[in-house]
Amino acid sequence: MAKTHQIVVEGSLCGIRNTFYSSLVILAALIVATTIYLRKDRGHLFREISVPSDSSTSQCNLFSGKWVFDNESYPLYKEKQCSFMSEEVACETFGRKDLSYQNWRWQPHHCDLPRFNATALLERLRNKRLVFVGDSLIRGQWVSMVCLVDSILPKTLKSMHSTANASLNIFRAKEYNASIEHYWSPLLVESNSDDPVNHRVVERTVRVKAIEKHAKYWTDADFLVFNTYLWWRRPVMNVLWGSFGDPDGIYKKVKMLRVYEMALRTWSDWLEVHVNRNKTRLFFVSMSPIHKRAEEWGEANGNNCYNETDMITEEGYWGQDSDLKMMHVVENVVDDLKARGLNVEMLNITQLSEYRKEGHPSIYRKQWYPLTKEQIANPKSYADCIHWCLPGVPDVWNELLYAYIFHQ
């Protein structure tokens, strides 16, 4: 009886082991399947641009590729020679010694990215407006575009000025009667963060149905390039129905993702009604990655982009802060617009920028507030791992935009 009992126990243990191992196999399969799905999902989110390949009649996906070191062709301009460089992204000026971040070229797998030609772009922009609308990340892209064309223009034939309480900055190429502009509107709709200088508030509030205050400055542009992500990154948002300063205004806390969708619906409705479809081309720039968690790329927990000099080499690397749910909202809104006859072209810069953890200013930028003793003793505590050094990653975003403008 004891022997029989022993056999039964062994059989049960074997069954448990088999069940356990089977569960592990199933779990592993699920993880792999989920990873594959998410990578496919990311590829689907923003339909890639296809441009004719020089080598064949086939079409080329510009967003699928790799970074190639090229210190002969890059950078496309010199930081200190750009007349309108921003102190927020002038990393060399503020002491960065390792400048290899300037020498990387984006190489699509099956073709070459069209070489940026400043003269050709300005000719395309003759008598036209190219306007970047959004937050400080797209402002960096605007500065990049200005620097890309600045060097071919004589000092007397270019200018920079601000209007709309400094919300609208306008670079003008006088010979071409062309302007490259940035309008500060970090949430696209009206908010209490709309001041281009004093916009840091404890509790962010948006008027999700109000956009005309901003849109009147850019609706008639010939090329409109939008972004909005960074300023939404909090669990809930304060939504105002009514006007700021109105004692009868109604405030309500709403989950961020829902408010984000409401704001983008307001944006899309405005575009549908007010944009001239025969004149204006529309673009939306996907999420710009941040690199604040070094453990995500295999380094010590608590570190970030500070002191990083190499890029991430893992193909398909995707950081936690690049929010797929937000990207899905953009996709749905843009798809709905397309169904209504208005096309917004997506610049999918997220994956290619994910690799560039070394491309941020870190501590090499202007500090708008005096650093504390604690910060000075611990530089990574104030490292900027959000914005991008120039020359650098945003130049490639503009090469992609250039490809859209000329090849679609």
Side-chain angles (χ1 to χ4, degrees), residues 131-139 142 162-170 181-221 224-275 280 282 284-285 287-288 290 321 323 325-337 340 342 344 368-369 386:
V131 185
F132 294 86
V133 181
D135 58 25
S136 56
L137 286 161
I138 209 161
R139 181 173 62 204
W142 166 72
S162 299
T163 187
N165 192 33
S167 290
L168 181 62
N169 292 290
I170 304 169
E181 310 172 28
H182 173 257
Y183 184 83
W184 172 262
S185 180
L187 296 109
L188 295 186
V189 294
E190 192 174 338
S191 75
N192 62 345
S193 297
D194 287 343
D195 189 293
V197 178
N198 301 310
H199 44 245
R200 298 195 178 278
V201 294
V202 176
E203 190 171 77
R204 198 159 293 153
T205 301
V206 294
R207 296 181 64 207
V208 289
K209 295 297 182 181
I211 197 171
E212 184 176 3
K213 169 187 170 182
H214 301 314
K216 65 184 180 182
Y217 290 104
W218 45 253
T219 297
D220 67 343
L224 280 168
V225 188
F226 297 95
N227 89 323
T228 184
Y229 283 114
L230 185 64
W231 287 66
W232 295 92
R233 299 308 305 274
R234 50 185 63 194
V236 296
M237 301 285 285
N238 206 29
V239 180
L240 168 62
W241 281 270
S243 302
F244 287 106
D246 181 358
D248 297 323
I250 299 173
Y251 291 82
K252 184 177 181 180
K253 292 188 181 298
V254 182
K255 289 184 177 180
M256 177 277 292
L257 200 63
R258 177 67 183 122
V259 185
Y260 187 60
E261 180 178 9
M262 293 166 69
L264 284 178
R265 294 292 177 189
T266 297
W267 167 79
S268 68
D269 289 345
W270 178 274
L271 294 179
E272 182 187 13
V273 173
H274 294 91
V275 161
T280 303
L282 304 168
F284 198 100
V285 180
M287 182 178 294
S288 174
I290 64 178
D321 290 301
D323 192 327
K325 291 181 179 179
M326 294 179 72
M327 296 168 80
H328 272 302
V329 169
V330 175
E331 181 189 33
N332 292 336
V333 171
V334 167
D335 281 350
D336 287 349
L337 260 181
R340 288 180 274 166
L342 190 61
V344 177
W368 298 106
Y369 302 99
I386 295 173

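This one's a predicted model, so the numbers in the text were calculated from it and none came from an experiment.
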Not counting sequence neighbours, which residues clear side chain to side chain contact (heavy atoms under 4.5 Å, CB included) with [X]? List them please.
{"X": "Arg340", "answer": "Ser268, Asp269, Glu272, Asp336, Leu337"}
{"X": "Leu137", "answer": "Asp135, Asn227, Leu230, Ser288, Ile386, His387, Trp388"}
{"X": "Lys255", "answer": "none"}
{"X": "Glu261", "answer": "Arg258, Arg265, Val329"}

Short question: side chain of [X], backbone of [Y] - any donor-acceptor pair under 3.5 Å?
{"X": "Ser162", "Y": "Asn169", "value": "no"}
{"X": "Thr163", "Y": "Leu168", "value": "no"}
{"X": "Tyr260", "Y": "Thr228", "value": "yes"}

- For Lys216, enumerate each residue passing the salt bridge (Lys or Arg N to Asp or Glu O under 4.0 Å) test, keeping only those at least two apart in sequence or located in another chain. none
- With sequence neighbours left out, what residues match Asp323 under salt bridge (Lys or Arg N to Asp or Glu O under 4.0 Å)? none
- According to the interplanar angle, ranging from 0 to 90°, do the rings of Tyr183 and Tyr217 count as parallel (below 30°), tilted (30 to 60°) or perpendicular (above 60°)? parallel
Work out which heavy atom in [X] is nearest to a heavy atom in [Y]; give both atom names and the distance.
{"X": "Thr266", "Y": "Ala210", "answer": "CG2-N, 4.3 Å"}
{"X": "Leu188", "Y": "Ile211", "answer": "O-CG1, 3.5 Å"}
{"X": "Ser193", "Y": "Pro186", "answer": "O-CG, 3.6 Å"}
{"X": "Val206", "Y": "Ser191", "answer": "CG1-CB, 3.9 Å"}
{"X": "Asp194", "Y": "Val189", "answer": "OD1-O, 4.1 Å"}

- Report the C-alpha separation of Val285 and Phe132 in whole Å, then their side-chain angles, then the decisive distance to 0.1 Å, and conclude whether the side-chain contact (heavy atoms from CB on, under 4.5 Å) test is met. CA-CA 10 Å; Val285 180; Phe132 294 86; over 6 Å; no
Is any side-chain heavy atom of [X] closer than 4.5 Å to a side-chain heavy atom of [Y]?
{"X": "Trp267", "Y": "Val333", "answer": "yes"}
{"X": "Leu187", "Y": "Arg204", "answer": "yes"}
{"X": "Leu224", "Y": "Val344", "answer": "no"}

Not counting sequence neighbours, which residues clear side chain to side chain donor-acceptor pair (under 3.5 Å) with [X]? List them please.
{"X": "Trp218", "value": "none"}
{"X": "Trp270", "value": "Thr219"}
{"X": "His182", "value": "none"}
{"X": "Asp321", "value": "Arg293"}

- CE of Met256 to CH2 of Trp232, rounded to nearest 0.5 Å, is 9.0 Å
- Query: Looking at CE of Met262 and NZ of Lys209, how far apart are the two atoms once the value is rounded to the nearest 0.5 Å?
  - Reply: 5.5 Å
- Message: So, using ring pair (Phe, Tyr, Trp, His ring centres under 6.0 Å) as the criterion, who are the partners of Trp231 when residues are at least two apart?
- Response: Trp184, His199
- Task: Flag yes if more than 12 heavy atoms outside Lys213 fall under 6.0 Å of its NZ atom; otherwise flag no.
- Result: yes
- Exceeds 12 heavy-atom contacts within 6.0 angstrom, atom CZ of Arg234: yes
Return all side-chain donor-acceptor pairs below 3.5 angstrom for residues 236-247, not counting sequence neighbours, or 'none' if the list is empty.
residue: Asn238; atom: ND2; partner: Glu203; partner atom: OE1; Å: 3.3
residue: Asn238; atom: ND2; partner: Thr205; partner atom: OG1; Å: 3.2
residue: Asp246; atom: OD1; partner: Asp248; partner atom: N; Å: 2.9

